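Before any comments, here is the structure.
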Number of protein chains: 2
Amino acid sequence: MTTTTSHSTASRSLSERIADAIADMIRTEGLAPGDPLHSARSLAAEFEVTVPTVREALRRLEAVEVIQFRHGSGTYVGGGVRRRLLANPHTGGDLASVLELVDARLLIEPGIAAAAAANRNDEQLAALEATTQNALVPQRGNERPREHFHVALAAASGNALVCDTLAALLDVRSRDQVEIRRRYHDRERDHEEHIEIFRAVSEQDAAAAAELTRTHLAAIRDTVITLGEELG
Amino acid sequence: MTTTTSHSTASRSLSERIADAIADMIRTEGLAPGDPLHSARSLAAEFEVTVPTVREALRRLEAVEVIQFRHGSGTYVGGGVRRRLLANPHTGGDLASVLELVDARLLIEPGIAAAAAANRNDEQLAALEATTQNALVPQRGNERPREHFHVALAAASGNALVCDTLAALLDVRSRDQVEIRRRYHDRERDHEEHIEIFRAVSEQDAAAAAELTRTHLAAIRDTVITLGEELG
DNA sequence: GGTCATCAAGTGATCTAGTCACTTGATGTG
DNA sequence: CACATCAAGTGACTAGATCACTTGATGACC
């Protein structure tokens, strides 16, 4: 229930402890993503430190998307408060790593699909169905990112941590992924396969859900390989 | 190969771009965890910004363990440079989330074990065997964290991203996990089960590796549930 | 009355210029 | 040779500014 934040040593830096305190504050006050935080100056006064110190703390939190800065406007709660797993925003990578990502998904997603089929409730099912439309309509640049079909599928497994895991995984090399999707992948086919998976989950057919997910990802994998060959 | 870091807008803050630049620098210069970075003052001079700005950038990187501060000593490369997935260090949670974690592992690790059995090479196998000893000897507080058996197992799958995923997962609520292990779990049994899984992987028996992993995690799950009941 | 430019207050972003606390390797003494 | 001492380098933090951006209120204009 309560946080076991005590990391003994007490040698943790002031800005680090303030970062924890702010994160705690967000949680205890029940703030949701988008809610405004006190200004950096106010926070500095509250914690009785100077502005640069509280800004270091905020930068820490920004890195994990717990908060979000908006220049001239304020500081807001970010989506990371609830996510327990994150994609590292500071990693480079090559095209080989895109293939590695698909392989990783191939390894874990079928099991997730099976669990979703076994455990899903009606609400999760409805949310999953809603996301099947996303494959058809390209994402607009300015609109808020929609929930991904595969994330909704993981959510239907009933385990929020599994959902976080898959979301983080999809966030890895996300730019390359959307690029591949946009330029080389068959949206129609994606959509159809999503529908089929949805149907299996709907009918609580775990084995079918797993198998359909496997073939679906295998198709994506082929696309990536083909792309790799084209680019040499 | 090359980074596609351009996030268009150019509205990204100076400290954010510097954080990227430092991460890039670490990668291009091939620095490994533990290697020293230039001092904050030097970096400030190199990037032609002031110290607080470069410190904000460094705090960002510290949050994802790409770098690490040592007061009075210097700034060093951290273990996060290579990790693509991370556990969010700023999340609270309760005991229910520990159970959720075990469930998540139960969902994805058997598949990983099977892949490890199918793809492992001799080097990975040797590394895996080495970690089987860890369950017996308690971790000393001051010693460097040892590689976890289950992480080594994921590494043997041949997919580094899968390995990162499992490592991040085990990092979630790690304090609770070690606490549970230390006080309630049967080390002997852990060790024996690890040995059995290792043997299955060694013999490239994918089905057995998956099943043994499942029962192993199920045992851990029972421990957590029992603990939950004891505490009410 | 409604639309739109203007403006001032609030906020984030960055700078400047320091002081204090800690680590570490060199120095020198016993 | 072992050990205390010390100075230089480094991170941690303070203090007080200035600039850039957003936003809601104001008020003029149509």
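In what follows, chains are A, B, ... by sequence order, proteins preceding strands, each numbered from 1. It should be emphasised that the depicted structure is a prediction, and the values quoted were computed from it without experimental measurement.
One atom, CG of A:Leu43, and another, P of C:dA13, lie 13 Å apart when rounded to the nearest Å. Spacing between atom CZ of B:Arg60 and atom C1' of C:dG12 amounts to 15 Å, rounded to whole angstrom units.
A cation-pi arrangement is not found for B:Arg17 relative to B:Phe47, the charged atom failing to lie both closer than 6.0 Å to the ring centre and inside a 45° cone about the ring normal.
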TODO: Could you encode protein contacts along nucleotides 7-16 of chain D as a string, one character per nucleotide from 5' to 3', using B for base contact, S for sugar-phosphate-only contact and - for no contact, with a heavy-atom cut-off of under 4.0 Å?
DONE: --BBBBSBS-
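The pair A:Asp20-A:Arg12 meets the salt-bridge criterion, with a side-chain N (NZ, NE, NH1 or NH2) lying under 4.0 Å from an Asp/Glu carboxylate O. In summary, B:Arg83 and B:Asp164 do not engage in a salt bridge, as defined by a charged side-chain N under 4.0 Å from a carboxylate O. With respect to A:Asp24 and A:Arg27, a salt bridge is recorded, a charged nitrogen being found less than 4.0 Å from a carboxylate O. Contact check on B:Arg59 versus B:Glu56 returns no salt bridge, with no Lys/Arg side-chain nitrogen under 4.0 Å from an Asp/Glu carboxylate oxygen.
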